[in-house]
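Chain A is the first sequence line, chain B the second, and so forth, proteins listed ahead of strands; every chain is numbered from 1. Model, not experiment: these values are computed from the prediction.
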Number of protein chains: 2
Amino acid sequence: MDCTTSPSYSNRLLDSLPEEDRKRFLADCEIVDLAFGRKLAEPGETISYAFFPIDCLVSLIATLESGGRLEVSMAGNEGMVGFPLMLGAEKSSLQAVVQGAGAALRMSSACFQDHLERSPALERLMKRYLNVLMSQISQSAACAHYHSLEARTARWLLMTHDRTRGDELRITHEFLSGMLGVRRAGVTLAAKALQRRGLIDYQRGRITVHDRPGLEAASCRCYATDRKTYGQMIERLA
Amino acid sequence: MDCTTSPSYSNRLLDSLPEEDRKRFLADCEIVDLAFGRKLAEPGETISYAFFPIDCLVSLIATLESGGRLEVSMAGNEGMVGFPLMLGAEKSSLQAVVQGAGAALRMSSACFQDHLERSPALERLMKRYLNVLMSQISQSAACAHYHSLEARTARWLLMTHDRTRGDELRITHEFLSGMLGVRRAGVTLAAKALQRRGLIDYQRGRITVHDRPGLEAASCRCYATDRKTYGQMIERLA
DNA sequence: CTGTTTATGTACAGCACCGTACCGACTGAA
DNA sequence: TTCAGTCGGTACGGTGCTGTACATAAACAG
């Protein structure tokens, strides 16, 4: 399939490239379907591809030797997976897991690095995105340390909702607990509290967002801060 | 003072540059003395300089709107302060505070960005350092969430010890509590536990490291992981 | 030497998690 | 239609912090 023609099969980050650069870039991409749970990167392992989500959603997870896991960022249509490739590193330090199945544009590591060298606009864009990532990861660090599980759950739902079509998110409490680094039972309590307030509804593997403004009020300010950072660094490119 | 001649007034990161590039870089630096507590960057504020610590020590701190603060990385002689300058950003998202007084090389933002464009070796080096930072910040996120205060205290002391001449660290429990995002009283308990084990000793504003191997055993593996990452990304440049 | 400031020691109730465990309910495959 | 597997609801005691408070001790300025 020719990725250069169909604008619906695109990625918001790449969309902000100049037409010329964008076309050249897309010509070297292929579209892949990513199933839920697929690992796009593992800590310590070589990165083979850069991914630009179209309608899938990927979690970036920090892992500890002791086994602990904590989601530190998310990449959907507004982002990409494989930032170490911009930094002269072959290996990933984070784990990247497909959290929402869907399509993505994929480019081999070597090819991506080649494009980075040839397209100053791409290089600039990727650097700005990297700065957004830095801010988000730092924010997540402090957020996980200070904020209540309920607020963090609300934040996570909002972030996922932003990167998903429709109001229904297909995830289990178990999965969410893995992202937030807490017990499954803890998520159930938090979710129930949000449900009782009429902000969400859920049944067996799906959570439905009913009241976004309410969720925003229930979430910590980290959500708003992240959006603001992205807006300032990426959208205000024009 | 001419920074190009005296090798003792240098910075380990810059030392790994090719002689040529290094000299040109140092020629545009000035040496400044940084007092304890001085803020080199504030979240949301414009960055005026890049700093390359000679014998001072700087903490990078994530701040929350709600007031919470958490140290996410540290820059001593092995690092630098002002990474957003490499990423096309003018503003800092983190706070940078001088945690150990001392000297640093300083270069204006514009000049630094100029050097980045002219010296591919510098660009490569800075990118690799950025990757180290990313790993460390992610690690800190999970560490603060999962590990005990005692282990985190040990880790912090080791990291600071690595970046300090001698075994005596001049910090109060109060300050440390700010970095770790906990109560002052909590740090006192952790410090006392480490002291009772004979790993450290302390009195009013100074902590002395007595048993490094012991401290390493008491710390979480995050300390070792961080060192390994730095070694792989920076030292193995040669 | 005195009074002030700063640093550390200690205590206590409170709370948000933890690990674990078990049950019921839903789902999908046989 | 039954059964196995998955998911969510709930409960228990335990623990590592929290916020607060107050006392002691060292450092310092006068």
Side-chain angles (χ1 to χ4, degrees), chain A residues 35-37 64 66-71 99 141-157 168-197 199-208 218-220, chain B residues 36-37 64 66-71 99 141-157 168-197 200-208 218-220:
Chain A
F36 174 84
L64 295 170
S66 42
R69 290 158 41 94
L70 181 70
E71 188 190 64
Q99 179 221 307
C143 177
H145 186 64
Y146 283 107
H147 293 147
S148 76
L149 180 51
E150 195 175 320
R152 293 209 295 139
T153 301
R155 180 191 173 204
W156 192 92
L157 292 173
E168 190 186 286
L169 317 178
R170 316 200 94 264
I171 22 105
T172 63
H173 295 183
E174 176 80 39
F175 183 84
L176 219 174
S177 79
M179 297 300 105
L180 299 176
V182 297
R183 290 177 316 152
R184 191 272 310 163
V187 170
T188 299
L189 289 177
K192 221 173 35 152
L194 296 174
Q195 186 179 49
R196 215 178 290 116
R197 292 212 250 158
L199 310 179
I200 61 169
D201 202 352
Y202 63 91
Q203 334 79 40
R204 210 183 163 73
R206 66 194 80 211
I207 300 182
T208 311
S219 80
C220 45
Chain B
F36 173 86
L64 295 170
S66 41
R69 290 159 42 95
L70 181 70
E71 188 190 63
Q99 179 221 306
C143 178
H145 187 63
Y146 283 107
H147 294 147
S148 75
L149 180 50
E150 195 175 320
R152 293 210 293 137
T153 301
R155 178 191 175 204
W156 192 91
L157 292 172
E168 191 185 286
L169 316 178
R170 316 199 94 266
I171 22 104
T172 63
H173 294 183
E174 176 80 38
F175 183 84
L176 220 174
S177 79
M179 297 299 105
L180 299 176
V182 297
R183 289 177 318 153
R184 192 275 307 163
V187 170
T188 300
L189 289 178
K192 221 173 35 152
L194 296 174
Q195 184 178 50
R196 215 178 293 117
R197 293 211 250 158
I200 62 169
D201 202 354
Y202 63 92
Q203 331 82 39
R204 210 182 163 74
R206 66 193 80 212
I207 300 182
T208 312
S219 79
C220 45

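Atom CZ of R170(A) is separated from atom C1' of dC7(D) by 13 Å (rounded to the nearest Å). With rounding to whole Å, E150(A) atom CD is found 10 Å from dA16(C) atom P. Atom OH of Y146(A) and atom P of dG16(D) are 20 Å apart (whole Å). In this entry the distance linking OH of Y202(B) with C1' of dA26(D) reads 14 Å, nearest Å. One interatomic measurement links the two molecules: CG of L149(A) to C1' of dG19(C), which rounds to 15 Å at whole-angstrom precision. Put simply, NE2 on H147(B) is 14 Å from P on dC18(C), counting in whole angstrom units. Across the protein-nucleic acid pair, L194(A) atom CG and dG8(D) atom C1' stand 15 Å apart, rounded to whole Å. In this structure, E174(B) atom CD and dG19(D) atom P are separated by 13 Å, rounded to whole Å.
A residue-by-residue look at H145(A) and I171(A) shows that I171(A) has its nearest nucleotide of DNA chain D further toward the 5' end. Both R206(A) and S148(A) sit near DNA chain C, but only S148(A) has its closest nucleotide nearer the 5' end.
Sorted by residue number, the members of residues 175-191 of chain A with any non-hydrogen atom under 4.0 Å from DNA chain D read R183(A), R184(A), A185(A), T188(A).
Judged by distance alone, with hydrogens and angles left aside, R204(A) brings no side-chain donor or acceptor close enough to the base of dT27(C) to form a pair under 3.5 Å.
Checking R69(A), E71(A), R152(A) one by one against L180(A), the side-chain contact (heavy atoms from CB on, under 4.5 Å) holds for a single residue, R152(A).
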